[in-house]
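None of these values were measured; they are calculated from a predicted model. What's counted below: heavy atoms across the whole structure, side chains too, no hydrogens, waters or symmetry copies.
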Amino acid sequence: MSLRTARLMTSIFLIRDNRLLLLYRIGSSAIPNSWVGIGGHIEPDEIRDPTSAVLRELREEVGIEPDEISDLARRYVSLRDTGQELRSTYYFTANLRPETPAPTECTEGELCWYDLAGPSTPSPMPSPMPSPMPPTAAVELEHWITEGRHDDLLRMIIVSGTGSHLLPLHNSSAAM
């Protein structure tokens with residue numbers, strides 16, 4: 001087994017009126033162009049605090065401040081071995097407060113609201129699931145939409161050459 005580098009990242013999915021904000025990230029150094037949440041790399045001084053990292057990314061990429069969201073929760077932690085590096089991503093969800101203007105622009109690509117109610121999703125989003133997505137984001141989002149948003153568990157996602165695995169860890173509110 002060869003030694004691999006490590007990459008630590010965050011991602012947040014904002015919710016408003018039964019819709020989910022997604023980003024079509026363009027030109028990333030880590031992934032091909034694809035649908036993701038708002039997020040990015042964890043800086044060295046944020047290693048022990050991924051919540052600070054995701055809030056920084058939210059501010060940098062779409063101009064949303066911490067007081068403009070509610071119900072911030074760390075929902076999933078993923079681990080993926082690409083063969084060259086081990087990628088770990090902390091996935092969060094939060095509600096965009098009703099009085100906060102919805103973001104319309106992002107420094108990293110194009111934004112689109114994904115309708116959680118089903119196939120009436122407006123263009124350019126395909127239905128029922130956005131595609132393409134990075135492997136762990138696809139597992140996280142599909143699970144969160146179908147099951148995870150109805151509880152407050154923190155889950156571990158492991159994606160390997162043999163498939164993906166989801167493991168409940170503990171109550172996420174206790175971790176915040």
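Interatomic distance, Asp115 CG to Asn18 CG, rounded to the nearest 0.5 Å: 6.5 Å. Between Ile26 atom CD1 and Glu108 atom CD the span is 10.0 Å, to the nearest 0.5 Å. For the atom pair OH of Tyr91 and CD1 of Ile12, the computed distance is 13.0 Å after rounding to the nearest 0.5 Å. Summarising the geometry, atom OG1 belonging to Thr82 is positioned 13.0 Å from atom CD1 belonging to Ile31; distances are rounded to the nearest 0.5 Å. Note that OG of Ser11 is 8.0 Å distant from CZ of Arg25, once rounded to the nearest 0.5 Å. Atom-to-atom distance recorded for Thr146:OG1 and Leu116:CG is 11.5 Å, nearest 0.5 angstrom.
Contact between Leu79 and Met156 at its shortest, heavy atoms only, is CB-CE, 3.6 Å. For the pair Gly39 and Glu57, the tightest heavy-atom approach, listed with the atom from each and the gap, is O-OE1, 3.4 Å. Considering every non-hydrogen atom in both Pro50 and Thr10, the closest pair reads O-CG2, 3.6 Å. Of all non-hydrogen atoms in Ile38 and Val54, the two that sit nearest each other are O-CG2, 4.5 Å. Taking each heavy atom of Tyr76 and Leu166 in turn, the nearest pair found is CE2-CD2, 3.7 Å. Closest non-hydrogen pair, Pro101 versus Ile64, comes out as O-CD1, 4.2 Å.
Residues Ser88 and Val77 form a side-chain contact, since some pair of their non-hydrogen atoms from C-beta on lies under 4.5 Å apart. The shortest side-chain heavy-atom distance between Leu72 and Leu55 falls under the 4.5 Å cut-off. Proximity of Asp71 to Ile15: side-chain heavy atoms (C-beta onward) are nowhere separated by under 4.5 Å. Counting only heavy atoms from C-beta outward, the side chains of Glu43 and Asp49 never approach each other to under 4.5 Å.
With hydrogens and angles disregarded, no donor-acceptor distance shorter than 3.5 Å links the side chain of Tyr90 to the backbone of Thr51. Between the side chain of Asn95 and the backbone N or O of Arg16, no donor-acceptor pair lies under 3.5 Å. Using a distance-only test at 3.5 Å, with no hydrogens or angles considered, a donor-acceptor pair links the side chain of Arg149 to the main chain of Ile145. Judged by distance alone, with hydrogens and angles left aside, the side-chain atoms of Arg75 form no donor-acceptor pair with the main-chain N or O of Trp144 at under 3.5 Å. Within the 3.5 Å criterion, the main-chain N or O of Thr136 finds no donor-acceptor partner in the side chain of Ser78. Listed for the Arg87 side chain is no donor-acceptor partner under 3.5 Å among the backbone atoms of Met9. With hydrogens and angles ignored, the 3.5 Å screen pairs a side-chain donor or acceptor of Ser34 with a backbone N or O of Pro32. Looking at Arg97, its side chain does come within 3.5 Å of a backbone N or O of Asp67 through a donor-acceptor pair.
In this structure Arg59 satisfies the side-chain hydrogen bond (donor to acceptor under 3.5 Å, both in side chains) test together with Glu65, sequence neighbours excluded. In terms of the ring-ring contact (aromatic ring centres under 6.0 Å, His included) criterion, residue partners of Tyr24 (sequence neighbours excluded) are, by chain and number, Trp35. Residues passing the ring-ring contact (aromatic ring centres under 6.0 Å, His included) test with Phe13, sequence neighbours excluded: none.
Partner Glu85 forms a salt bridge (charged side-chain N to carboxylate O under 4.0 Å, His left out) with one of Arg7, Arg80, Arg4 and no other, that one being Arg7.
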### Message
What verdict does the side chain to side chain contact (heavy atoms under 4.5 Å, CB included) test give for Val62 and Leu23, after you've listed the backbone C-alpha separation in whole Å, the side-chain angles of each residue and the deciding distance to 0.1 Å?
### Response
CA-CA 10 Å; Val62 294; Leu23 164 65; over 6 Å; no
